[in-house]
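First comes the structure, then the notes that go with it.
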Amino acid sequence: MKLVLGISGASGAPYTKRLLTLLREPALAAQVSVEIVLSRTAGEVWALECGGHPSDAGFPVYEGRDYRAPFASGSARRDAMLILPASMSCIARIAHGVSDDLLTRAADVTLKERRPLVVVPRESPYSSIHLENMLALTRAGALVVPASPSFYGMPATLEALLDTVLARVLDHLGVEHALGKRWGDAADKVKES
Ligand SMILES: Cc1cc2nc3c(=O)[nH]c(=O)nc-3n(C[C@H](O)[C@H](O)[C@H](O)COP(=O)(O)O)c2cc1C
């Protein structure tokens, strides 16, 4: 799978950093090739939350208004796009067709080409504007997968907690993974009996 990974200026860089670590592991690297596109604020938030820069992960990085990037056009074949995390600003612009940077253009292309677009929003609380924009994206074919970790698998570390969200993201992108326990797994059945 050729995946375009958009990183916008919402809180949540630890999710993305963890995903990039996982995507370097052989089982996932064999399935997914990654190109990163940064919004104007992504690097600033990443530095505050993780230190360093998204380019440290070693994947190709594009940013700004570099519309010469291949995935700025539908004629370049990419299989899916993930925006993790997705700010309310970038969601608003995508929902209204405003392609004012490469990230929003890539999302616009993904939707018009009817390719999978998975968006992981982060804001709290949501205003009606946020909710209506997420509804517009959903109606246009995107899948909104909130950064809402789950606890029923009793995650004992921050990484395990992040993985409860990343597992759902990878599921919806169609990437095989072994993150966390699934409800109804053998271990749960043993515990129940
Ligand atoms: C440290 C930090 C955390 C932020 N967290 C959020 C957030 O969780 N959600 C959000 O929608 N915006 C958040 N923002 C504001 C966005 O970065 C800002 O609205 C920006 O214009 C988003 O545009 P971009 O995603 O295109 O970079 C945050 C900004 C900073 C500096």
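All residue numbers refer to positions in the sequence shown, counting from 1. Numbering of ligands and ligand atoms starts at 1, following listing order.
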Does R168 pair with D171 as a salt bridge, N-O distance under 4.0 Å?
-> yes
Which atoms of ligand 1 are found less than 4.0 Å from any heavy atom of L48?
-> 1 (C)
Taking only heavy atoms of S39, which atoms of ligand 1 are found under 4.0 Å from at least one of them?
-> 24 (P), 25 (O), 26 (O), 27 (O)
Quick one: does atom 18 (C) of ligand 1 have a protein heavy atom under 4.0 Å from it?
-> no
Would you mind running through ligand 1 and noting each atom that sits below 4.0 Å from a heavy atom of E44?
-> 31 (C)
Residue, atom and distance of the protein heavy atom nearest atom 30 (C) of ligand 1 read V45 CG2, 3.7 Å
Between M88 and P121 the two heavy atoms that sit nearest each other are CE-CB, 3.7 Å
Look at atom 16 (C) of ligand 1 and say which protein heavy atom is nearest, naming residue and atom and giving the distance to 0.1 Å.
-> G9 O, 3.3 Å
Which of the numbered atoms in ligand 1 are below 4.0 angstrom from a heavy atom of S89?
-> 22 (C), 23 (O)
Hey, which of D108, N133, V119, T104 is the one that makes side-chain contact (heavy atoms from CB on, under 4.5 Å) with I94?
-> T104
Exercise: do H177 and D163 side chains pair donor with acceptor under 3.5 Å | no
Salt bridge between R93 and D100, side-chain N to carboxylate O under 4.0 Å?
-> yes
Protein heavy-atom partner closest to atom 26 (O) of ligand 1 - residue, atom, separation in Å | R93 NH2, 2.5 Å
If we only count N/O pairs under 3.5 Å, is T41 in contact with ligand 1?
-> yes
Atom pair OG/CZ of S33 and R78 - distance to nearest 0.5 Å | 7.5 Å
Nitrogen or oxygen of M88 less than 3.5 angstrom from that of ligand 1 | yes
Heavy-atom pair with the smallest gap, counting every atom of S11 and P85 = O-CB, 3.5 Å
In terms of heavy-atom contacts, P70 and E35 come closest through CG-OE2, 4.3 Å
Is S87 in polar range of ligand 1, meaning some N or O pair under 3.5 Å apart?
-> yes
Among protein heavy atoms, which lies nearest atom 5 (N) of ligand 1, and at what distance?
-> S11 N, 3.2 Å
What protein heavy atom sits nearest atom 21 (O) of ligand 1, and how far away is it?
-> R40 NH2, 3.3 Å
Does a donor on one side chain and an acceptor on the other come within less than 3.5 Å for S73 and S75?
-> yes
With a 4.0 Å heavy-atom cut-off (strictly under), which part of E49 contacts ligand 1: side chain, backbone, both or neither?
-> neither
Closest non-hydrogen atom pair, A147 against R122 = CB-CG, 4.4 Å
Criterion side-chain contact (heavy atoms from CB on, under 4.5 Å) against I83, the qualifying member of L137, I91, V120, L103 = L103
What are the atoms of ligand 1, with element, lying closer than 4.0 Å to any heavy atom of R122?
-> 7 (C), 8 (O), 9 (N), 10 (C), 11 (O)
With a 4.0 Å cut-off on heavy atoms, does H130 reach ligand 1?
-> no
Note the single closest protein heavy atom to atom 10 (C) of ligand 1, along with its residue, its atom name and the distance in Å.
-> E123 OE2, 3.4 Å
Using a strict cut-off of 4.0 Å, indicate which atoms of ligand 1 neighbour a heavy atom of S8.
-> 25 (O)
